[in-house]
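These notes are about the structure you will find just below.
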Amino acid sequence: MARPFDVQAVERKWQERWLREGTYDVDNDDPRERYYALCMYPYPSGAAHQGHVRNYTFGDLIVRYQTMRGKAVLSPFGFDSFGLPAENAAIKAGSHPRIFTEARMAELRRSVERLGAVYDWRRLVVSHDPEYIKYSQLIFLAFLNAGLAYRAEAPVNWCPGCATVLANEQVLSDGTCERSGDVVQRRNLEQWFFKITDYAEQLLNDLDALAWPERVKTMQRNWIGRSEGVEFDLVFAHDASRAIRVFTTRPDTGYGITYAVVAPEHAMLDELTTDAHRSDVAELVERATTATEIERTSTPDCGPGLSKRGAFTGSYVVNPFTGQPVPVYVADYVLGNYGTGAIMAVPGEDERDYAFARAYGLPVVATVERPPGFGDGAYAGDGRHINSGFLDGLNVADAKVEASAFLVTHARGVAKVNYRLRDWLVSRQRFWGCPIPVVYCDHCGIVAVPVEALPVLAPDDVTMDQSGQSPLATHAEFRDTSCPRCGGPARRETDTMDTFTDSSWYFLRYTDPFTPGRPFDPEQAARWMPVDQYIGGVEHAILHLLYARFYVKALVDIGLAPGVDREPFARLFTQGMIRLNGSKMSKSKGNLISPERYFDRVGADALRVFHLFVGPPADDVDWTDQTEDVIDGCARFLDRVYRLSTDSTFAKRSFDPSLDLPLRRIVHHTIDRVTFDIDRWSFNTAVAALMELLNATAKWARESGVDDAVCNEAVDTLLLLLAPMAPHVTAELWAMRHPLEPSVHAQAWPVADPILTAEQLVVMVVQVNGKVRARIEVSPTVDDSEARALALADPTVRSWIGDSEPTRVVVRAPRLVNVMV
RNA sequence: GCCCGGAUGGCGGAAUCGGCAGACGCGGAGGCCUCAAAAGCCUUUACUCGAAAGGGUGUGUGGGUUCAAGUCCCACUCCGGGCACCA
């Protein structure tokens, strides 16, 4: 494309100036109203891809727009620089992850600068920076001190591909690792956990007040999975002093308990199992505990597969409602780590119990009346209770209340709330992460590394392989140490922390990376937080966004962030993903379309306008054969802006209201439209409005000649409104037109004149029998009877009505009249 | 299976409240400029009947409410995403 100016030179010039002058540096004592705009800090995977471009284009638009609105905008940048890909790449290259990572960081930073996105680089935060490590460890120790970090043996998810354990959140629903795709195995290992479950209730309740996409909030609610019910005892039939404890959300169905089930991991399984059934039970347990998640969950719900998934223990417990003994089974459909690990089974009202009962020939009792026409199977809906003694005739809600009360008095019952959410497993058997700052002493046990000794840094000369133990464990000099408490021989923890711990507080560090000796000054953090606008991909809906919420609440509670809002992100926007031929564009799929190519060919401004214009920001973008043409179209639009702004060949004339007022009205209407659209994140229509303004101004200048003041108002307004979207070309044109003024981005956002935005004439639609038959220009203030008279007097309308009298006339002045005949 | 989204011209999309469907752009067609091309500029472009004036049809499918439905209600189809033995 032949361009009317040297795009590359202009973009380079302004990028250098913004960087050199620190245009978007903002001090903590800035007196203006504060605004914190943040894109999720990126994993440094090298030069930016289109997903980054889209993200930072939106973020930069907000930063520049809010600055023009007169706010002190905090716009920081950083890198989530710890993590597995760097470690794996380093193993492959025989190099150090730091070398690899820092090279990728430099590439990404270069891309971001070439995009023209502006940041306060003084606040750069990097996960693997020793300062950041120090404070990540300080926070870990504070959690440990507060009882929020603990070490426990538990069945955990082991990924053979990554050679490390994973958090539940990192295992996909098909039982594979979200990163490597390997089938995750279950292992019993001693690991570090964070007590996120202490915050389950708050994490759930506080979602309500957040201005987040409903979809993301729903995902978090489902993940937390609150359920209310009753925990109570099922006493052994042969020994009333012993009992298994069960949890249920349907105490009302208690008369329908026809058996009970314990999980294969249940502590009392051995006690329950009689000699005659010992081998069957052992076989089932063996199968269940060695099975991968996939095998355990992929078996069909009914049919022959089920016969392999449960076994009778030989014992009986008593149904507290009927007093009758019911058999106790062990089955893998009951999970050891939810509720009490044991259930009362009600096949009449629970689908899983029904399938199991069918497969094992267990009785099914209906305790809730079925609606007419209901066939076989479990019925989970509402209805009158039947076969239920004192509960008969009650609906489900009322019966729950009565049954719960009964269990409280007769079966040591207590009301109980359970969550699906598990504690966050944070230790990783990998090298490239933040070391966990504790030592193990034979005398003193687990001892925290003293704060003065932080940071605990991993040595550089470590052999990294995928043996399954932490690479640090093989480094004797690091591993072997002395106990900070007794001075005796001790061993360092050699696991590192999940990288999601780093991304759980970086946004706090941004608010004050300046005060020495502390992660951040709580006073500064409290002033900037919460983030006013957080922008990122929806793939973090549960992982990062849940962990960060937990961190902030915990940091406030343990005194590290007093006064800081308990929710980190007031508004969240999740952008759509970019697809190429139907599949997500990603580095791992190797189907990236490099932004660099477009920076070189059409410039950053054109690529930015494309990402804004292509569709709603929340929607996915399909990168197709047409995309190249659309990007060229965006470059063409900017070229037209350039030509119009620099054209001095239009015929000059003096002000003429009939020629100039219509254009001025368009200009001021456009100010309102663009402002409204940016505020509601409708960037595509904001760009369309600017294209319309450009077209209208060019047509006006060409056809009627120009009055200088009117022309300048139109062009300058266009540049101001376009400045957050296409910062380079607008900065250049503004500087050419106003060499003595501050730059376009330092100007105030324009405000529309209400007199000019008020409508002068309205097109009133006249329908006959609901079909548009005429359009009449009317004053916006016409009342209903005038509108009706005007409509009925219109010759075209008359011809459609003919001789007949209208049966009804609906008038909505000044917009519409509908005549029925 | 459950829970969320979505379906509008050849394509991406627009349409704050139930009130002109298709803004804006891409692509296409025609024209101007040019020796010619590129670039630029202008006109046109939902489908359909018609020479035209003008008419009819039209927002995934089928019903409904309404003077009026892309928009609201009911049922369904397809596509995308999330969750999935959580008792």
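We name chains A, B, ... by the order of the sequence lines, and we start the count at 1 in each one.
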**OP:** Count the heavy atoms of every other residue, nucleotide or ligand shown that sit under 6.0 Å from CZ of A:R798, and state whether that count exceeds 12.
**Re:** no
**OP:** When you get a sec, tell me which of B:C20, B:G56, B:C83 is the closest nucleotide to the side chain of A:I542?
**Re:** B:C83
Original post:
Of all residues at least two apart in sequence or in a different chain, which pass the salt bridge (charged side-chain N to carboxylate O under 4.0 Å, His left out) check with A:D625?
Top reply: none
Original post:
Which whole-number value in Å describes the distance from A:L546 CG to B:C83 P?
Top reply: 13 Å
Subject >> Pairing residues for A:R815 by the side-chain hydrogen bond (donor to acceptor under 3.5 Å, both in side chains) criterion, not counting sequence neighbours >> reply: A:E759
**OP:** For B:G1, give its Watson-Crick or G-U wobble partner with both distances under 3.5 Å, or none.
**Re:** B:C83
Original post:
With sugar-phosphate meaning primed atoms plus P, OP1 and OP2, does A:D353 contact a base, only sugar-phosphate, or nothing at under 4.0 Å between heavy atoms?
Top reply: nothing
Subject >> Pairwise side chain to side chain donor-acceptor pair (under 3.5 Å) hits with a residue in residues 253-264 of chain A, at least two apart >> reply: A:Y259-A:Y333
Subject >> Side chains of A:Y419 and A:T197 in contact at under 4.5 Å (non-hydrogen atoms) >> reply: no
**OP:** For B:A87, take OP1 and OP2 only and decide whether either is under 4.0 Å from a side-chain N or O of A:S227.
**Re:** yes
Original post:
So what does A:F676 hit on the nucleic acid, given a heavy-atom distance under 4.0 Å: a base, only sugar-phosphate, or nothing?
Top reply: base
Original post:
Which residues satisfy the side-chain contact (heavy atoms from CB on, under 4.5 Å) test with A:S645, sequence neighbours excluded?
Top reply: A:V641, A:V715, A:L719, A:L733, A:R737
Subject >> For B:G10, glycosidic torsion class - syn if within 90° of 0, otherwise anti >> reply: anti
**OP:** Can you tell me, in whole Å, how much space there is between the C1' of B:A21 and that of B:G58?
**Re:** 9 Å
Original post:
A:R420 has an atom CZ; how far is it from atom C1' of B:C3, in whole Å?
Top reply: 13 Å
Original post:
Within the modelled atom types, does a donor on one side and an acceptor on the other bring the side chain of A:R215 and the base of B:C4 under 3.5 Å apart?
Top reply: no
**OP:** Determine the interatomic distance between P on B:U65 and the same-named atom on B:C26; round to the nearest Å.
**Re:** 44 Å
Subject >> A:D619 CG - B:G81 P separation (whole Å) >> reply: 14 Å
**OP:** Round to the nearest Å and state the distance from A:F610 atom CZ to B:G13 atom P.
**Re:** 11 Å
Original post:
What is the nucleic acid contact for A:E692, judged by heavy atoms within less than 4.0 Å: base, sugar-phosphate only, or nothing?
Top reply: sugar-phosphate
Subject >> Contact under 4.0 Å: A:Y333 side-chain N or O vs B:A87 OP1/OP2 >> reply: no
Subject >> Interatomic distance at C1', B:U59 relative to B:C4, whole Å >> reply: 23 Å
Subject >> Pairwise P distance for B:G25 and B:C74, with rounding to whole Å >> reply: 39 Å
Original post:
Is there a donor-acceptor contact under 3.5 Å from the side chain of A:Q50 to the main chain of A:I578?
Top reply: no
Subject >> Enclosure of A:R788 CZ (heavy-atom neighbours >12, cutoff 6.0 Å) >> reply: no
**OP:** Return the set of residues passing side-chain contact (heavy atoms from CB on, under 4.5 Å) with A:R245 (not counting sequence neighbours), or none when no residue passes.
**Re:** A:E231, A:D233, A:T340, A:R412, A:V414
**OP:** Answer with base, sugar-phosphate or nothing: what part of the nucleic acid does A:R226 contact at a heavy-atom distance below 4.0 Å?
**Re:** nothing
Original post:
Got a sec, which residues hit salt bridge (charged side-chain N to carboxylate O under 4.0 Å, His left out) with A:D353, two or more places apart in sequence or on another chain?
Top reply: none
Subject >> 5' precedence on RNA chain B between A:G633 and A:A342 (nearest-nucleotide basis) >> reply: A:G633
Original post:
Should the pair A:D252-A:K400 be classified as a salt bridge under the 4.0 Å nitrogen-to-oxygen rule?
Top reply: no
**OP:** With a 3.5 angstrom cut-off on both distances, give the Watson-Crick or G-U wobble partner of B:U43, or none if there isn't one.
**Re:** B:A29
Subject >> Sequence-distant partners of A:D647, salt bridge (charged side-chain N to carboxylate O under 4.0 Å, His left out), two or more places apart >> reply: none
Subject >> Presence of A:K771 side-chain N/O under 4.0 Å of B:G54 phosphate oxygens OP1/OP2 >> reply: no
Original post:
Which of these nucleotides, B:C3, B:G56, B:A87, is closest to any side-chain atom of A:R773?
Top reply: B:G56
Original post:
Between B:A87, B:G13, B:C26, which one does the side chain of A:P616 approach most closely?
Top reply: B:G13
**OP:** With syn defined as a glycosidic angle within 90° of 0 and anti as everything else, classify B:C17.
**Re:** syn
**OP:** Provide, to the nearest angstrom, the distance between the CZ atom belonging to A:R221 and the P atom belonging to B:A84.
**Re:** 17 Å
Original post:
Looking only at side chains, do A:E692 and A:T670 share a donor and an acceptor under 3.5 Å apart?
Top reply: no
Original post:
Mind checking who B:G50 pairs with, Watson-Crick or G-U wobble, both distances under 3.5 Å?
Top reply: none
Subject >> Spacing of the C1' atoms in B:G10 and B:A46 (rounded, Å) >> reply: 10 Å
Original post:
With both distances under 3.5 Å as the test, what is the Watson-Crick or G-U wobble partner of B:G19?
Top reply: B:C67
**OP:** With a 3.5 angstrom cut-off on both distances, give the Watson-Crick or G-U wobble partner of B:A14, or none if there isn't one.
**Re:** none
Subject >> Partner residues of A:R3 under the salt bridge (charged side-chain N to carboxylate O under 4.0 Å, His left out) criterion, sequence neighbours left out >> reply: A:D639
Original post:
Taking for each residue the nucleotide of RNA chain B with the nearest heavy atom, is it A:V810 or A:F613 whose nucleotide lies nearer the 5' end?
Top reply: A:F613
Subject >> For atom CG of A:D622 and atom P of B:G12, their distance in whole Å >> reply: 8 Å
Original post:
In residues 814-821 of chain A, which ones come under 4.0 Å of RNA chain B, going by heavy atoms?
Top reply: A:L816, A:N818, A:M820
**OP:** Tell me what A:Q767 touches on the nucleic acid: a base, only sugar-phosphate, or nothing, going by heavy atoms under 4.0 Å.
**Re:** base
Could you pull out the protein-nucleic contacts involving nucleotides 70-72 of chain B (nitrogen or oxygen on both sides, under 3.5 Å)?
none

Original post:
Is a side-chain donor or acceptor of A:R808 paired with a backbone partner of A:P806 at a separation under 3.5 angstrom?
Top reply: no
Original post:
Can you tell me if the side-chain N/O atoms of A:N222 get under 4.0 Å from OP1 or OP2 in B:A84?
Top reply: no
Original post:
Expressed as a whole number of Å, how far does the P atom of B:U71 sit from that of B:U16?
Top reply: 13 Å
Original post:
In whole angstrom, what separates A:E214's CD from B:C4's P?
Top reply: 11 Å
Subject >> Any residue meeting side-chain hydrogen bond (donor to acceptor under 3.5 Å, both in side chains) with A:S785, in chain and number order, not counting sequence neighbours >> reply: A:D783
**OP:** Could you measure between the two C1' atoms, the one in B:C42 and the one in B:G50, and give it in whole Å?
**Re:** 28 Å
Subject >> Nearest-Å distance once atom P is located in both B:G80 and B:G13 >> reply: 16 Å
Original post:
Which letter, B, S or -, goes with each nucleotide of nucleotides 34-46 of chain B from 5' to 3', with contact meaning a protein heavy atom under 4.0 Å?
Top reply: ------SSSS---
**OP:** Please work out if A:G770 contacts a base, only the sugar-phosphate, or nothing of the nucleic acid, heavy-atom cut-off 4.0 Å.
**Re:** nothing
Original post:
Does B:A75 pair with anything, Watson-Crick or G-U wobble, both distances under 3.5 Å, and if so, with which nucleotide?
Top reply: B:U61
**OP:** Round to a whole Å and report the spacing from CG of A:D784 to P of B:G19.
**Re:** 17 Å
